[in-house]
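We use all heavy atoms of the structure for the numbers below, so side chains are in, but hydrogens, waters and symmetry mates are not. Residue indices begin at 1 and follow the sequence shown. Just follow the structure's listing: the first ligand is 1, and inside any ligand the first atom is 1. Owing to the predicted nature of the structure, the values given are computational and were not obtained by experimental measurement.
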Amino acid sequence: MKIYVSHDRCRGAGQCALTAPEIFDQSDDDGTVVLLNSEPPPELHVRAIRAAGLCPNSVIRIVDAT
Ligand code: SF4
């Protein structure tokens, strides 16, 4: 699994950091997403996919979500 984020679309809603705090954090400056781990281990894949689905602006893109 590889995760990409499009910062320009992030509204700082924070659903990603709440859902998968091992993978996503929020900037102290503007609340936008900070990608902590772009290649999370298998045990975190379900949460990464859930976070991508919850993001209101489709900021999070996951490749090889098998
Ligand atoms: S849920 Fe989406 S819009 Fe909200 S902080 Fe995370 S990436 Fe940004």
Legend entry - Summary of salt bridge (charged side-chain N to carboxylate O under 4.0 Å, His left out) pairs that have at least one residue in residues 7-18, sequence neighbours excluded: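 Not a single pair qualifies under salt bridge (charged side-chain N to carboxylate O under 4.0 Å, His left out).
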Legend entry - For Ala51 against Ile60, the heavy-atom pair lying closest together: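 In this case the closest contact between Ala51 and Ile60 is O-CD1, 3.9 Å.
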Inset, instruction - Could you work out the complete set of other residues in the hydrophobic cluster of Leu36, with links drawn between I, L, V, M, F, W and Y side chains under 4.5 Å apart? - result: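 Cluster partners of Leu36: Val34.
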Inset, instruction - Check whether any side-chain heavy atom of Ile3 sits under 4.5 Å from a side-chain heavy atom of Glu39, and report yes or no. - result: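 Counting from C-beta outward, Ile3 and Glu39 never come under 4.5 Å.
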Inset, instruction - Spell out, yes or no, whether Met1 and Leu35 are grouped together once hydrophobic residues are joined by side-chain heavy atoms under 4.5 Å, including indirect joins. - result: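 Result: yes, single cluster for both.
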Would you mind writing out the side-chain donor-acceptor pairs for residues 14-22 within the sub-3.5 Å range, not counting sequence neighbours?
from  : atom 1 : to    : atom 2 : distance (Å)
Thr19 : OG1    : Gln15 : O      : 2.7
Glu22 : OE1    : Arg47 : NH1    : 3.2
Glu22 : OE2    : Arg47 : NH1    : 2.8
Glu22 : OE2    : Arg47 : NH2    : 3.4

Legend entry - If only protein N, O or S atoms under 2.8 Å count, total around atom 6 (Fe) of ligand 1: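 For atom 6 (Fe) of ligand 1, protein nitrogen, oxygen or sulfur atoms under 2.8 Å: 1.
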